[in-house]
Structure formats: structure tokens, C-alpha cells
Number of protein chains: 2
Amino acid sequence: MALGKDYRGQDCALARALEIVGERWTLLILRDAFYGVRRFSDFLAHLGLPRAVLSSRLQALVEAGVLAKHGCEYELTERGRELWPALHMLARWGERHFSADGPSRVFEHVACGTRLDPSGSCPSCGGIVPPEEVRMLPVPGRPVGDDPVSRALAEPRRLLDPLRP
Amino acid sequence: MALGKDYRGQDCALARALEIVGERWTLLILRDAFYGVRRFSDFLAHLGLPRAVLSSRLQALVEAGVLAKHGCEYELTERGRELWPALHMLARWGERHFSADGPSRVFEHVACGTRLDPSGSCPSCGGIVPPEEVRMLPVPGRPVGDDPVSRALAEPRRLLDPLRP
DNA sequence: ACGGGTCGGTTCATTGAATGAACTGACCGT
DNA sequence: ACGGTCAGTTCATTCAATGAACCGACCCGT
């Protein structure tokens, strides 16, 4: 964004949220974090954004308490993990309306194997499923990128499980 | 955002969604649309963004089928109204973590008067409440802007009800 | 019919963020 | 000591955001 990333004068919770996660690339960085990406070079290779931007975004997210830096790994905090339902809803909306080829990944509740509904709830258990209890399953037959992250995400994975052992 | 608003090469529904609603100001414009704002000058006065940016965003949203232009009014389409739960969740997240003074507005289910939970569901009826069935109630004692929209939003309103009669 | 005001934009120069390539320095394994 | 990877920083270039000025259509009162 250009010229001031803030939304001064808006007495509105949405404006506060967008000042943190509303900049270009930020929500995609967080999506990767939910997929288990933790290292600078992995974000870089998978998202293809400029290094300077990634560095700046990670720093801002750590300052906002959304990510925490442990050594050279960035991990979602509780505050960050609470974004999962909103992120999931937004992604399902994009999928319904703008993904010509249908979903590229589906999400299910680990406990019961039921596919989540668009709101992020488990239809059989009821209620929003936290990310630790969600498994992501790639839809087969999709092109797979040639970076290590894309290859790792071609296998089913539980959210938040680190990509590297 | 600068240099390409798209996220090429991401086979991801979230990237598709962000190409539509991920640019600066866009989600705030849509929030105002849920509050009943429909006219160019009302968006302008309430958000305080440059006219050129508002014009460009409204045009893009119409092209994407999120808004529809009727005469000189912009209205949410069904596709646009489906964004409500995601928008609400993001706003509640911002409110929990970054609104020092607590909520400035609260939201209740018109049918039963119950306050919505953070996921946008009605605790007593169960299930996500569509925006037509949500009433917004401003919290008293807040500073009110001096534009017509801010004054109108200082009264309780049902979402999507046009601001002007 | 004319003049003034509002509305819904477009045009334009300036500013600053995003981009991408090059560079730096720490750490590792051999 | 050497080469390679990793995690950034620096820097020139490009392009979107900003804000002010401008423009035409429409309405209203005279």
C-alpha cells in the first residue's frame, strides 16, 4: 500500500484489523504459516514476493503479536491462530466465486474426518474447529510448484505442523 | 498496493479472494455498503479516501460482481453479501486484540435480539446469521464524526437498509 | 433562460511503497 | 580455510495512492 498503511479516523474494529493484516501479501504469509511454513526462505520461495517486503511484513507481524520469532523460525501466536476462521471463510468465498477449477485443497476435522463447511465449522461435531484440529488435503491432479514448500503441501498435512521436522 | 494487484502463481482460493477484496480501502468500502451506504459522496465523506481511488475500487467491485450499480447507487449483490461472515469475523478479531476502548458497535440477531458471537452466529438460534437479519447498535458515548454517514450510523440500523430513504 | 449548488466523477503532479537485483554477514559442514 | 546456505539489508526503478483542481450533468430557485 502506498502512503500510510493506517486508516486514521475510522472508529471501527475492521480498520484496526486491516492495519495489521490488510497490507499486500500479509494474509498469504499467514496462510502459509497455518500450513506449517516457518522459515524466511520457505515463505520466500513459496510466495515469490520481494525479500524486503517479506522481511518488513514478518517484523510487523511479530511486533503486533501475531507471529513470534523463535531462533530463525516464525510461529503463529494464539492471537495469530485466532485468525484461522476468518481466513478460511475468505478463502472459501474466493473458491466459490473465482476458482474456475474448483477447490485445490479441502479441509477436514481431524477428530471425525468430516469436511468443514464454508464457515469453518464441523457439520457433525458443531462449532468452529480450531486450526490444530484441521487437516488439509490437496486435491490430486493439480500442478505442483517446484519449490520445497509446494512439494510438501502436495501431501495431506495437519495445520500448524511444522513443514520441516 | 503497488505493482500488480494480483498474486500470480498461487493456486489458492485465498489469493483469488484477495485479488478482489485485498486492496487498500476495499474491505472498508464493503463494510460501509453493509451499513447501508450506497452513494459515491457518502463513501467519500465517511472514509476520507481520494476520489480517484474510490472510483477505481467501486468500478473493480462492480466488474467482479460484488457490487451492482443502479443509477448512481452501488448495492451489494448476493456475492457481495456472502462476504458478511468473513468481514464480521475479521472485525471481531481486530476488536478483541487492538481496540483499546472495546467495541464501538455491537451486532444482534433481529429475530431474537441475541448478540452475535465472534463467528457471526446467533448463540440462541444457531448458525450463521445473514446480514439482512442483523441489527447494528452503536455503543453510546463514542465520538461521532461530522459527516452525514457518521451521524446516521449513530442510530441503530439493520444491515443493508439504505442510509437514505 | 440563467445562475448557483450539488453530485459523480476524471486529470494531473507529487509521494512513497512494492519490486527485483545485488550485496552483507552469520553459520554450517568438510 | 573454503564453499554453500540462510537471513536478511541496500538501492535504483516502477507504479499505485494521495490530494487538489478541473469538468460535465443535473436540480432548484428566480
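Chain naming here is simple, since letters A, B, ... match the order of the sequence lines and numbering starts at 1 in each.
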Quick one: is the NZ or CZ of Arg24(A) closer than 6.0 Å to the six-membered ring centre of Tyr7(B), and within 45° of its axis?
yes
Could you check Gly48(B) against Ser41(A) and say which one's nearest nucleotide on DNA chain D is further toward the 5' end?
Ser41(A)
Chi angles and distances behind the salt bridge (Lys or Arg N to Asp or Glu O under 4.0 Å) call for Arg16(A), Glu95(B)
CA-CA 7 Å; Arg16(A) 299 290 83 72; Glu95(B) 183 177 282; over 6 Å; no
OP1, OP2 of dT18(D) versus side-chain N and O of Arg51(B): anything below 4.0 Å?
no
Electrostatic pair Arg164(A):Asp42(A) at N-O distance under 4.0 angstrom
yes
Without hydrogens or angle criteria, can the side chains of His46(B) and Asp32(B) be said to hold a donor-acceptor pair below 3.5 Å?
yes
From the set dT19(C), dA17(D), dG8(C), return the single nucleotide nearest to any side-chain atom of Trp25(A).
dT19(C)
Do Arg92(A)'s NZ or CZ and the ring of Phe107(A) fall within the cation-pi criteria of under 6.0 Å and 45°?
no
Considering just the side-chain nitrogens and oxygens of Ser55(B), establish if one lies under 4.0 Å of OP1 or OP2 belonging to dG8(C).
no
For DNA chain D, the residues among residues 63-74 of chain A that have a non-hydrogen atom under 4.0 Å from it
Lys69(A), Cys72(A), Tyr74(A)
Grab the CD-C1' distance between Glu23(B) and dT18(D) for me, whole Å please.
15 Å
Does Arg24(A) make a side-chain N or O approach to OP1 or OP2 of dA17(C) shorter than 4.0 Å?
no
